[in-house]
Amino acid sequence: MESHRIRRLLAFLLEGGFGLFLVLAPIQWMDRRGVFDIEDEPHWRARWQSLNALKGKLPVDVLILGNSHAFTGFEPAWLSSATDMTCFVMGNSSTNAVDHYWSLRQALEYTQPQLVLVETTGMNETEMVSSDGGIGLVNQLRAFHARSSWALKFESCLELFEWDDLPAAFSSSIMNHHLWWTDAHEVRQNIVRGRARTPRLNGVYLGDYSRFRSGIADTTLAIYRERGGILDGAKGRVSEVSQNAVERIVQLGKERGFQVGFVTLPMHQDYLFNESDREEHLEAAIRPLGVPWLNLQQMESLTSNPGLFENTLGTNQHMTERGSIAANQPIADWIGESFSNLRRPGRERDALWHQVMQVKPGYLAYHDPLTKENPAIAFEKRDVKASNRVLSSVSVFRYDGMSDQYMLVYARPEQAWFTNVSADDLVLGMELILRAEDGSETAKFITLKKSDVVNDGERWLFQAAVSSAEVVDIRNCRFIHKSAL
């Protein structure tokens, strides 16, 4: 009798296992072949792909954790050049500090940063961002899918999802099965392709994703003032789970040998009201941790400038591309002051670091061109006479934007030159000699204006954007007082 029961139990288990195999095997096959992949925002996976590509080659010195505020508000190429370190943004839309912690755990399998920065927007009142069943769930699923470690996925899944969302968390086919009804054509294309989508990386990708190119419109600004603001800072409490997550991040730093800091990226001063309440909530969460905190909401030169912020009436405001560059210098200065013992590969003339960074936007704002050929430089002239001074170089950087192509002209005069007149009162005029397709040459007069967001303490940056063309020479370079224009 006993043996009969055992046989029945074994038969039941075998039948159940076979039935489970019949269900799971097709799902696994579809996941591996990317049958229900969506091309939407490939930067989710591109960050991990790039971090993996850098493994063992170029160490990430500063790892930035956060949500969409982080990957739109930090400009890692500019920040890398300003700090002389490799900066990388690991951000996932809509996520809170719990996801930041698990992203860090995964990232530590690829790199060992010197410094981890946490952008504080994810330190909010949410307990589980996926529990709303809306965009929070979708974005948390995307972030979860992008991570590769199955051990960490099993360890973290119950912190990030409700039980009934777990099937979608472990299978993109279950998550995106709606495509069969909404976009069967894309499903058929995925089947024909025969493999999961892989983001195409153009060089070294540092994790940023510039979504907003224009600032707040006058009409939107008027609405902010009429309503007394859009986002209430008094509601910006830090939940217990977020508090616990940032405590674990700081503790992990002590265990793994990296330092931790917090950065609050700003919103426009007329958009955010009761800002002091928000600051109190964050201070209560961060101060006991005993780590540095930079609150850029206190920086009026940023918060009063409409051009630095997304034009929105929603309850979530990001920085524009211009805003992320403007925030770069105060962040770099703060890192230098608060974490002065970090190794700086750029300052130590690390050849690999300069080779990688020289093709990135912002490099020429802080460094002279390397002597070796740089594919991103359309033209360079050294020892350029400008009035009664000699510029070490004038460089023309070829910039390929998301929707446009143009050139950036850079010059970096020494700050010590400007003793009798302010550099803010001057422009740098010069003639670009351009060659047309038929070989003819024309002179184009341009003026470079002093940047108000770059200051390395030794040189000013003068810059101008011009249409793409073949530059063959630079002539008649001179400083001009603005009143003479």
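Only this structure's heavy atoms are used, side chains among them; waters, hydrogens and symmetry mates stay out. If you read the sequence from its start, that first residue is 1, and numbering goes on from there.
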Side-chain donor/acceptor of [X] to backbone N/O of [Y], under 3.5 Å:
{"X": "Ser422", "Y": "Asp424", "value": "yes"}
{"X": "Thr111", "Y": "Val60", "value": "yes"}
{"X": "Thr312", "Y": "Gly314", "value": "yes"}
{"X": "Glu310", "Y": "Arg211", "value": "no"}
{"X": "Ser304", "Y": "Glu300", "value": "yes"}
{"X": "Gln463", "Y": "Leu448", "value": "no"}
{"X": "Arg435", "Y": "Glu441", "value": "no"}

Going by atom types alone, do [X] and [Y] pair a side-chain donor with an acceptor below 3.5 Å?
{"X": "Trp48", "Y": "Ser148", "value": "no"}
{"X": "Ser451", "Y": "Tyr410", "value": "no"}
{"X": "Ser94", "Y": "Asn139", "value": "yes"}
{"X": "Asn316", "Y": "His69", "value": "yes"}
{"X": "Ser80", "Y": "Thr86", "value": "no"}
{"X": "Thr95", "Y": "Asn67", "value": "no"}
{"X": "Gln259", "Y": "Asn341", "value": "yes"}
{"X": "Gln243", "Y": "Glu247", "value": "yes"}
{"X": "Gln298", "Y": "Glu279", "value": "yes"}

Short N-O contact, [X] and [Y], less than 4.0 angstrom:
{"X": "Asp84", "Y": "Arg344", "value": "no"}
{"X": "Lys482", "Y": "Asp425", "value": "no"}
{"X": "Glu159", "Y": "Arg105", "value": "no"}
{"X": "Glu431", "Y": "Lys444", "value": "no"}
{"X": "Arg147", "Y": "Asp99", "value": "yes"}
{"X": "Arg382", "Y": "Glu380", "value": "yes"}

Rounded to the nearest 0.5 Å, what's the gap from [atom1] on [X] to [atom2] on [Y]? Could you check?
{"X": "Leu65", "Y": "Ser103", "atom1": "CG", "atom2": "OG", "answer": "7.0 Å"}
{"X": "Thr320", "Y": "Leu308", "atom1": "OG1", "atom2": "CG", "answer": "5.5 Å"}
{"X": "Leu160", "Y": "Gln140", "atom1": "CG", "atom2": "CD", "answer": "4.5 Å"}
{"X": "Leu115", "Y": "Leu342", "atom1": "CG", "atom2": "CG", "answer": "5.5 Å"}
{"X": "Trp102", "Y": "Arg248", "atom1": "CH2", "atom2": "CZ", "answer": "6.0 Å"}
{"X": "Leu294", "Y": "Met299", "atom1": "CG", "atom2": "CE", "answer": "8.5 Å"}

Report the C-alpha distance between Gln415 and Asn455 in whole Å, list the side-chain angles of each, state the deciding distance to 0.1 Å, and finish with yes or no for side chain to side chain donor-acceptor pair (under 3.5 Å).
-> CA-CA 9 Å; Gln415 294 183 9; Asn455 179 8; 2.7 Å; yes

Before giving the answer on side-chain contact (heavy atoms from CB on, under 4.5 Å), spell out for Arg287 and Glu283 the whole-Å C-alpha distance, their side-chain angles and the decisive distance to 0.1 Å.
-> CA-CA 6 Å; Arg287 176 177 287 182; Glu283 186 174 11; 2.3 Å; yes

Verdict with supporting geometry, Trp78 and Ser324, side-chain contact (heavy atoms from CB on, under 4.5 Å) = CA-CA 9 Å; Trp78 282 79; Ser324 66; over 6 Å; no

Taking the inter-plane angle between the rings of [X] and [Y] on a 0 to 90° scale, is it parallel (under 30°), tilted (30 to 60°) or perpendicular (over 60°)?
{"X": "His43", "Y": "Tyr209", "answer": "parallel"}
{"X": "His367", "Y": "Tyr363", "answer": "parallel"}
{"X": "Phe212", "Y": "His318", "answer": "parallel"}

Carefully, step by step, assess Met123 and Phe262 under the rule side-chain contact (heavy atoms from CB on, under 4.5 Å).
-> CA-CA 10 Å; Met123 295 171 59; Phe262 291 82; 3.7 Å; yes

Run the numbers on Phe258 and Leu104 for side-chain contact (heavy atoms from CB on, under 4.5 Å), then give the verdict.
-> CA-CA 12 Å; Phe258 58 81; Leu104 174 60; 3.9 Å; yes

Arg412 charged N/C atom sitting above Tyr366 aromatic ring, 6.0 Å / 45° = no

Please say whether the positively charged group of Lys449, taken as NZ for Lys or CZ for Arg, lies over the ring of Phe462, i.e. under 6.0 angstrom from the six-membered ring centre and within 45 degrees of the axis.
-> no

Before giving the answer on side chain to side chain donor-acceptor pair (under 3.5 Å), spell out for Asn92 and His100 the whole-Å C-alpha distance, their side-chain angles and the decisive distance to 0.1 Å.
-> CA-CA 8 Å; Asn92 299 304; His100 305 349; over 6 Å; no

Sort out for me which residue in Leu206, Val62, Val263, Asn328 forms a side chain to side chain contact (heavy atoms under 4.5 Å, CB included) with Phe74.
-> Val263

